[in-house]
Number of protein chains: 2
Amino acid sequence: MMGAIIRMNASDDTGTPAQAPARARILDAAEVVFARHGYDAATTRRIAETAEVPVGLVNYHFGSKLGLYRAIFELRAPTVMDQRAAGLAMARSEPDPDRRIELVIKALILPMFGLRASPSGLRFGQIMSRELSDPSSDERGIFAEFFDPVARMMIGAIGECYPDWSVAEVHWAYQAMLGAMMIVMTDAGRIARLSGGVVAPEDHEIAARHIVAILAAGLRHRDRSLTKDTPAMGGKPNETGDI
Amino acid sequence: MMGAIIRMNASDDTGTPAQAPARARILDAAEVVFARHGYDAATTRRIAETAEVPVGLVNYHFGSKLGLYRAIFELRAPTVMDQRAAGLAMARSEPDPDRRIELVIKALILPMFGLRASPSGLRFGQIMSRELSDPSSDERGIFAEFFDPVARMMIGAIGECYPDWSVAEVHWAYQAMLGAMMIVMTDAGRIARLSGGVVAPEDHEIAARHIVAILAAGLRHRDRSLTKDTPAMGGKPNETGDI
DNA sequence: AAAAATCTTGAACGATTGTTCAACTGGAAT
DNA sequence: ATTCCAGTTGAACAATCGTTCAAGATTTTT
């Protein structure tokens with residue numbers, strides 16, 4: 001069943017954004033399928049069908065399924081990373097710690113939420129979210145390669161805001177930020193279902209406003225009496241010696 | 001499809017991990033494999049191999065792969081849900097809102113973090129986390145069945161703490177809590193990698209202390225000037241009319 | 001003891017997986 | 001005009017998927 005592939009010749013140009021070259025169409029289709037099914041459950045055939053190209057082309061252009069997956073991150077990750085780096089640079093010019101931490105939080109969150117404005121950006125967010133919660137992602141090494149560097153920057157920036165915080169306090173703060181952000185990227189319909197349709201996760205501006213407000217207050221006013229027993233970080237990232 | 005019948009015989013013994021009956025061994029192995037690979041990528045054969053039983057037994061005892069998956073939730077979910085309900089009941093006896101919200105947060109988080117004390121509980125946490133970030137989980141309907149009820153209780157409890165909050169403010173607060181919790185369940189090694197081994201996610205008591213402190217402060221002190229434009233919730237859950 | 005119900009086993013089924021491959025296309029370089 | 005080669009195509013590969021099944025083993029009921 002479903003063996004024939006309909007070829008779009010030069011005469012037909014409706015639907016897809018222009019008659020894009022095959023490579024780009026595959027990349028686009030891959031985002032859709034990987035976002036929907038995750039890495040393992042996504043199939044090259046479904047990607048090829050979605051892109052309306054023969055199966056063989058996928059491996060010709062990207063070598064392997066993993067190569068295609070990596071290509072998505074190579075395409076999308078730099079934009080987010082650059083925006084975060086720029087946001088952190090801006091935050092550094094704010095002397096007041098309590099004001100600066102809000103800028104740091106925004107530097108993490110706004111680039112990701114802004115992604116959700118475009119359909120393809122939304123899909124990339126879902127892919128990232130899935131990759132983060134996939135234990136076998138270590139084998140692919142994508143997070144370590146694409147996102148660890150900026151994560152260390154973020155962690156360093158938090159530590160600079162509050163130099164008396166312990167390493168653990170800084171890292172758990174980052175985890176809380178990451179988690180709150182990720183669940184927004186993840187959630188497709190649950191918050192709408194639970195709220196009876198009142199809360200719409202699609203409106204990323206409103207979502208960002210809520211999440212940033214909560215996280216900023218959380219970091220500013222956290223009760224440290226039970227957590228400050230570990231040695232202080234001293235505003236220096238990675239003084240533990242690791243890369 | 002779905003022809004096998006699940007039989008519960010009188011030989012209902014107390015669980016033994018060593019030479020347990022086949023059904024229990026399959027269930028145990030399924031937790032391991034589903035946690036590691038996710039629903040789609042997990043294979044019945046690998047589960048059977050891990051349980052050291054022939055492949056056919058899996059479908060005999062659980063009917064199908066989905067039946068086996070559901071059986072895991074039927075086994076583990078009630079414990080977590082009961083503990084949360086008990087925690088919420090306890091929280092209701094605290095009159096001070098700022099103190100009560102901390103108990104509400106703990107009612108959500110502590111049962112899950114406590115799960116991590118045992119290996120099988122840790123695996124169940126990973127399975128839950130993956131299910132939450134899987135768009136195709138809607139087709140399985142597991143979250144709607146097992147976790148939506150207690151989610152509505154949680155959301156209601158937040159609304160009762162701060163009756164002047166809007167529906168959106170309450171729901172986004174819940175999302176932030178859920179996200180921060182989920183990333184702890186998810187994270188296998190990244191926080192250890194990023195912190196150079198200083199921060200250990202295995203110590204769920206310390207993790208809970210940090211996350212609860214941040215979330216409690218976040219909800220208590222959030223700046224509402226940009227988010228309180230939507231109508232208030234009035235302390236009643238689901239007044240929107242949905243189930 | 002015989003009969004019935006339950007559990008276990010491994011082979012087998014058709015469908016689907018990622019990848020390979022020889023044949024083919026069309027346009028640029030020689 | 002010929003060579004050349006990146007691009008394209010669909011068939012084919014071995015491996016693996018979830019599930020089924022007839023047969024044997026074990027236990028329970030009669």
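Just so we're on the same page: letters track the sequence lines, and every chain starts at 1. From a predicted model like this one, the values you see are computed outputs, not experimental measurements.
- Spacing between atom CG of B:Asp40 and atom C1' of D:dT16 amounts to 15 Å, rounded to whole angstrom units.
- Between A:Lys65 atom NZ and C:dT16 atom P there is a gap of 16 Å when expressed in whole angstrom units.
- Scanning all heavy atoms of the two residues, the minimum distance from A:Arg23 to A:His61 falls at CG-ND1, 3.6 Å.
- Listed nucleotides: C:dG10, D:dA11, D:dT19. Nearest to the side chain of A:Val55: D:dA11.
- Going from atom CZ of B:Arg45 over to atom P of C:dT17 covers 16 Å, rounded to whole Å.
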Filtered N/O pairs between nucleotides 25-27 of chain D and protein, under 3.5 Å:
none

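- Donor-acceptor pairing under 3.5 Å is lacking for the side chains of B:Ser133 and A:Thr186.
- For the pair B:Tyr60 OH and C:dT8 C1', the interatomic distance rounds to 9 Å; values are reported in whole Å.
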(message) Taking Watson-Crick (N1-N3 plus N6-O4 or O6-N4) and G-U wobble (N1-O2, O6-N3), each under 3.5 Å, can you produce the dot-bracket string of DNA chain D? Use [ ] for crossing pairs and | for inter-strand ones.
(response) ..|||||||||||||||||||||||||||.
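- The 5' end of DNA chain C is approached more closely, in terms of each residue's nearest nucleotide, by B:Val53 than by the other of B:Val53 and A:Gly63.
- When the C1' atom of D:dT8 is taken as reference, atom CD1 of A:Ile26 falls 10 Å away, rounded to whole Å.
- Across A:Met182 and A:Met128, no two heavy atoms sit closer than the pair CE-CE, 3.9 Å.
- For the pair A:Glu49 CD and C:dG18 P, the interatomic distance rounds to 11 Å; values are reported in whole Å.
- Using a 4.0 Å heavy-atom criterion, one finds that B:Ala42 contacts the sugar-phosphate atoms exclusively.
- Residue pairs meeting the salt bridge (Lys or Arg N to Asp or Glu O under 4.0 Å) criterion with at least one partner in residues 62-71 of chain A, sequence neighbours excluded, are A:Arg70-A:Glu74, A:Arg70-A:Glu145.
- In this structure, the NE2 atom of A:His61 is 15 Å from the P atom of C:dT20, given to the nearest Å.
- Looking at every heavy atom in both residues, B:Leu108 comes nearest to B:Met181 through O-SD, 3.7 Å.
- Rounded to whole Å, the distance from CG on B:Asn59 to P on D:dG18 is 9 Å.
- B:Phe147 and B:Phe143 have tilted rings, their planes meeting at an angle from 30° to 60° on a 0 to 90° scale.
- Contact annotation for A:Thr43: backbone-only contact, meaning every heavy-atom pair under 4.0 Å involves sugar-phosphate atoms and none involves a base.
- Between A:Leu88 and A:Ala157, the shortest heavy-atom contact is CD2-CB, 3.8 Å.
- For the ring pair (Phe, Tyr, Trp, His ring centres under 6.0 Å) with B:Phe34, the lone residue among B:Phe124, B:Phe73, B:Tyr69 that qualifies is B:Tyr69.
- Using a 4.0 Å cut-off between charged nitrogen and carboxylate oxygen, A:Arg36 and B:Glu139 count as a salt-bridge pair.
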